[in-house]
Each structure stands twice: as C-alpha cells, then as structure tokens.
Amino acid sequence: METIPAKSIVNRTKNPSWFGTQYNMNIYRGCCHGCIYCDSRSDCYHIEDFDRVKAKANALRIIRDDLESKAKKGVVGTGSMSDPYNPFEKDPELTRRALMLLEAYDFGVAIATKSDLIVRDTDILASINRTMPVICKLTVTTCDDALAARIEPYAPPPSRRLAAAEALSKAGLFTGILMMPILPFLEDSEENIRAIIDRAAYAGARFIYPALGMTCRAGQREYFYQKLEEAFPGQGLPERYQKRYGPRYEYASPKARALWDLFRERCTARGLLYSMGKIVTASRRGHESDQLSLF
C-alpha cells in the first residue's frame with residue numbers, strides 16, 4: 001500500500017461534543033467505498049486522488065508517541081475523514097493494532113464505519129470497554145441493498161452493516177446507527193426512515209443519530225452531480241438538486257420537519273436514543289470519572 005508522511009495522528013478534536021471525543025485519529029487517507037455524496041471529497045480538505053487509499057507512514061509509532069504525550073486520557077474518534085475499515089485494512093491491520101495501543105494507554109474509542117470488518121476487532125473493543133467508553137457507529141442511509149449499491153457502490157451492503165451492529169451489540173458493546181446523510185429525493189421517504197429505525201432496533205442498537213439531508217460544497221458537489229446522473233440516468237436528479245438548493249452548503253430534505261417528527265416518535269417507541277447528550281451519557285455509564293466529563 002502507498003504511504004504518505006505524517007507528523008502526528010492523534011490530535012485534539014475541534015468538537016468534543018461530537019460523541020464525546022476528545023481526540024481524533026485518521027490512520028488512512030482517502031477511501032475506496034465510492035459513496036457519491038462523501039463530504040471528504042470537498043476541495044477544502046485537499047485530498048488528491050481521493051478514491052485511492054493511502055496509509056500514513058510509521059502510523060503505529062506516531063500513534064504510540066502521540067498517546068504517550070497526552071496529559072489527559074479520553075475518547076479517540078476515528079472514521080471522520082476515511083473509513084478505518086477499508087478493504088486494505090485486512091492485511092496490515094493498522095486499525096486493529098492502533099486499537100491495541102489505545103487499550104495499552106487507557107484511551108476509549110468511538111468508531112464510525114460502513115464496514116462489517118469492525119466485527120473482527122470485537123475482542124479488543126470489549127477489552128477497552130472494561131475500563132473506558134467504546135462507541136461503535138455503523139452508517140446506514142437505506143436498508144435497500146440495491147439502492148445502496150448505486151450510491152455507496154463499493155461499501156458492504158446495509159444488510160451486512162446491520163448484521164455487524166447486531167454482533168457488536170450482542171458482545172455488549174455500545175452500538176448504534178449513523179443515519180446520515182439522507183439524500184433528498186432518494187432516501188427521504190417515511191418508509192425508509194421507518195425501516196432503518198426498525199432494523200436498528202431489531203439489531204439491538206442503542207441509538208440512531210440522524211441528518212435528514214446532506215452537505216454539499218465545492219469539489220464534492222461536482223462529483224455528486226456527475227455520479228447522480230450515472231447512477232440514475234434520465235431522471236433529471238442533478239437539475240432537481242440545482243433548482244432547489246443552488247450553491248447552498250446544506251441540502252435539507254424538503255420533508256425534514258415531518259420526517260423528524262416521525263423519527264423522534266418511532267425512536268421513542270423503539271427505545272432508541274437520538275440526542276447527542278443522551279447518547280454520550282449512556283456510552284459513559286459505568287466509566288464515569290473526572291477525566292471523562294461530558295463537555
């Protein structure tokens with residue numbers, strides 16, 4: 001695998017309220033899941049050849065040194081810019097070995113992924129969870145494997161992600177669903193929202209965190225419109241997006257208010273958490289200490 005240089009990997013997060021993470025860790029750069037809506041393609045991130053996955057050179061040594069230098073323990077988030085369980089992770093096991101370092105240095109972890117490969121590391125996650133919080137977040141934007149194959153063409157299908165969520169939940173890990181983004185005109189139906197909630201509850205998920213729409217900015221927007229036309233030829237979707245949203249950054253679903261009411265009521269009925277504060281509080285239950293104050 002091609003490598004790129006890095007000076008540090010575990011860095012202070014800019015938004016500690018996001019799943020209670022004090023630090024952020026991206027071992028890989030780029031992603032090969034091919035999701036047509038990915039925000040990480042935006043020009044502001046300066047990631048050339050985004051679809052080619054590159055590992056950060058000497059990643060494990062850098063992570064070890066970064067962790068040793070931290071005066072305060074905390075939860076390390078991973079998966080914000082590239083999926084830590086991309087297909088190339090199977091051989092070098094950089095994510096798995098990084099989790100071992102987090103365990104050795106008494107840090108918690110919050111993982112976001114679209115891959116069921118996360119189940120491989122259940123043993124290490126369970127070991128971390130004995131002393132520090134662990135949050136497993138599986139992204140599911142639709143339960144329809146055929147639709148997902150068009151908009152997330154190289155990621156494992158949602159059925160496998162939900163099966164992974166079930167396996168992690170059964171192992172006693174705090175697991176939930178990232179229901180984001182919900183693409184306007186494609187995924188923003190009541191049927192899709194109900195299906196995700198019901199399947200998540202069946203899998204034993206503890207929470208769902210939603211975004212009833214998507215973000216779109218320079219670089220990402222052009223790619224998104226091109227791939228929309230390729231995936232749904234002749235349906236006029238790029239024109240429909242352009243007419244409604246223009247150059248805006250946030251593309252909220254036209255049905256967002258009604259969908260939110262449905263989402264909130266159904267999550268409550270299914271016993272699923274959906275507010276960030278309650279999710280973070282629940283994830284830390286049994287791990288309370290001064291080092292893990294919420295905000």
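Residue numbers count from 1 along this sequence.
For Glu187 and Thr142, the side-chain atoms include no donor-acceptor pair closer than 3.5 Å.
Checked by atom type and distance alone, the side chain of Glu229 never pairs as donor or acceptor with a backbone atom of Gln226 at under 3.5 Å. Thr78 contributes a side-chain N or O that, together with a main-chain N or O of Met25, makes up a donor-acceptor pair within less than 3.5 Å. Panel note: side chain Ser42, backbone Cys44; no donor-acceptor pair is recorded below 3.5 Å. The backbone N or O of Lys54 lies less than 3.5 Å from no partner atom in the side chain of Glu2, so there is not a single donor-acceptor pair. In terms of modelled atom types and a separation under 3.5 Å, the side chain of Lys255 and the main chain of Glu190 share no donor-acceptor contact. Of the possible polar contacts, one joining the Asp144 side chain to the Leu147 backbone as a donor-acceptor pair under 3.5 Å is found. Between the Ser40 side chain and the Met81 main chain, a donor and an acceptor come within less than 3.5 Å of each other. In this structure a side-chain-to-backbone donor-acceptor pair under 3.5 Å is present from Asp66 to Ile9. With His287 contributing its side chain and Asn129 its backbone, the two residues share a donor-acceptor pair below 3.5 Å. With hydrogens and angles disregarded, a donor-acceptor distance shorter than 3.5 Å links the side chain of Asp145 to the backbone of Ser159.
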Would you check, one step at a time, whether the test side chain to side chain contact (heavy atoms under 4.5 Å, CB included) holds for Met179 with Val140? CA-CA 5 Å; Met179 195 180 76; Val140 177; over 6 Å; no
Check the pair Leu183 / Asp188 against side chain to side chain contact (heavy atoms under 4.5 Å, CB included), numbers first and verdict last. CA-CA 6 Å; Leu183 301 185; Asp188 59 342; over 6 Å; no
Gln220/Thr215 under side chain to side chain contact (heavy atoms under 4.5 Å, CB included): CA gap, chis, key distance, verdict: CA-CA 9 Å; Gln220 172 197 8; Thr215 59; 4.3 Å; yes
Yes or no on side chain to side chain contact (heavy atoms under 4.5 Å, CB included) for Leu259 and Ser253, after CA distance, side-chain angles and deciding distance? CA-CA 9 Å; Leu259 291 177; Ser253 166; 4.0 Å; yes
Arg130 vs Ser127, test: side chain to side chain donor-acceptor pair (under 3.5 Å). Steps then yes/no. CA-CA 5 Å; Arg130 293 190 186 103; Ser127 186; 3.2 Å; yes
Run the numbers on Thr13 and Asn15 for side chain to side chain donor-acceptor pair (under 3.5 Å), then give the verdict. CA-CA 5 Å; Thr13 183; Asn15 184 12; over 6 Å; no
Output side-chain donor-acceptor pairs under 3.5 Å for residues 273-280, partner residues at least two apart or in another chain, one line each.
none

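Across all non-hydrogen atoms, the minimal contact from Ser115 to Asp83 is N-OD2, 4.1 Å.
Of the charged side-chain nitrogens involved, at least one lies within less than 4.0 Å of a carboxylate oxygen, so that Arg96 and Asp123 count as a salt-bridged pair. Between Asp116 and Arg160 there is a salt bridge, since at least one side-chain N of the basic residue sits less than 4.0 Å from a carboxylate O of the acidic one. No salt bridge links Glu239 with Lys243; every basic N to acidic carboxylate O contact stays at or beyond 4.0 Å. Look at Arg266 and Asp198 and you find a salt bridge, because one of the NZ, NE, NH1 or NH2 atoms lies within 4.0 Å of a carboxylate O, short of that distance. Between Arg257 and Asp261 no salt bridge is recorded (no basic side-chain N to carboxylate O distance below 4.0 Å). Comment: Arg41 engages Asp51 in a salt bridge, judged by a side-chain N to carboxylate O separation of less than 4.0 angstrom. Taking a cutoff of 4.0 Å between a charged side-chain nitrogen and a carboxylate oxygen, Asp43 and Arg217 do not qualify as a salt bridge.
For residues 180-203, the set of pairs meeting the ring pair (Phe, Tyr, Trp, His ring centres under 6.0 Å) definition, not counting sequence neighbours, comprises Phe185-Tyr241.
A 6.0 Å sphere centred on CD of Glu48 holds no more than 12 heavy atoms belonging to other residues, nucleotides or ligands. Residue-environment remark: OH (Tyr45) exceeds the threshold of 12 foreign heavy atoms within 6.0 Å. Under a cut-off of 6.0 angstrom, the local environment of CD in Glu250 is sparse, with at most 12 non-hydrogen atoms contributed by other residues, nucleotides or ligands.
For an aromatic pair to be called close, the ring centres must be under 6.0 Å apart, and Phe224 with Tyr37 fails this.
Looking at heavy atoms from C-beta onward, Thr113 lies out of side-chain contact with Thr139 at the 4.5 angstrom threshold.
Interatomic distance, Asn192 CG to Ile182 CD1, rounded to the nearest 0.5 Å: 5.5 Å. The CZ atom of Phe19 sits 5.0 Å away from the NZ atom of Lys137 when rounded to the nearest 0.5 Å. In this structure, Thr175 OG1 and Ile118 CD1 are separated by 7.5 Å, a value rounded to the nearest 0.5 Å. Between the OH atom in Tyr223 and the CZ atom in Phe50 there is a gap of 9.0 Å [rounded to 0.5 Å]. Note that SG of Cys136 and CG of Leu168 are 4.5 Å apart. Values are rounded to the nearest 0.5 Å. Interatomic distance, CZ of Phe174 versus CZ of Phe207, reported as 5.5 Å (0.5 Å rounding).
Ile27 and Leu117 end up in the same hydrophobic cluster when Ile, Leu, Val, Met, Phe, Trp and Tyr side chains are linked at under 4.5 Å.
Each of Arg221, Glu222, Lys227 was evaluated against Tyr225; a single residue qualifies, Arg221, per the side chain to side chain contact (heavy atoms under 4.5 Å, CB included) test.
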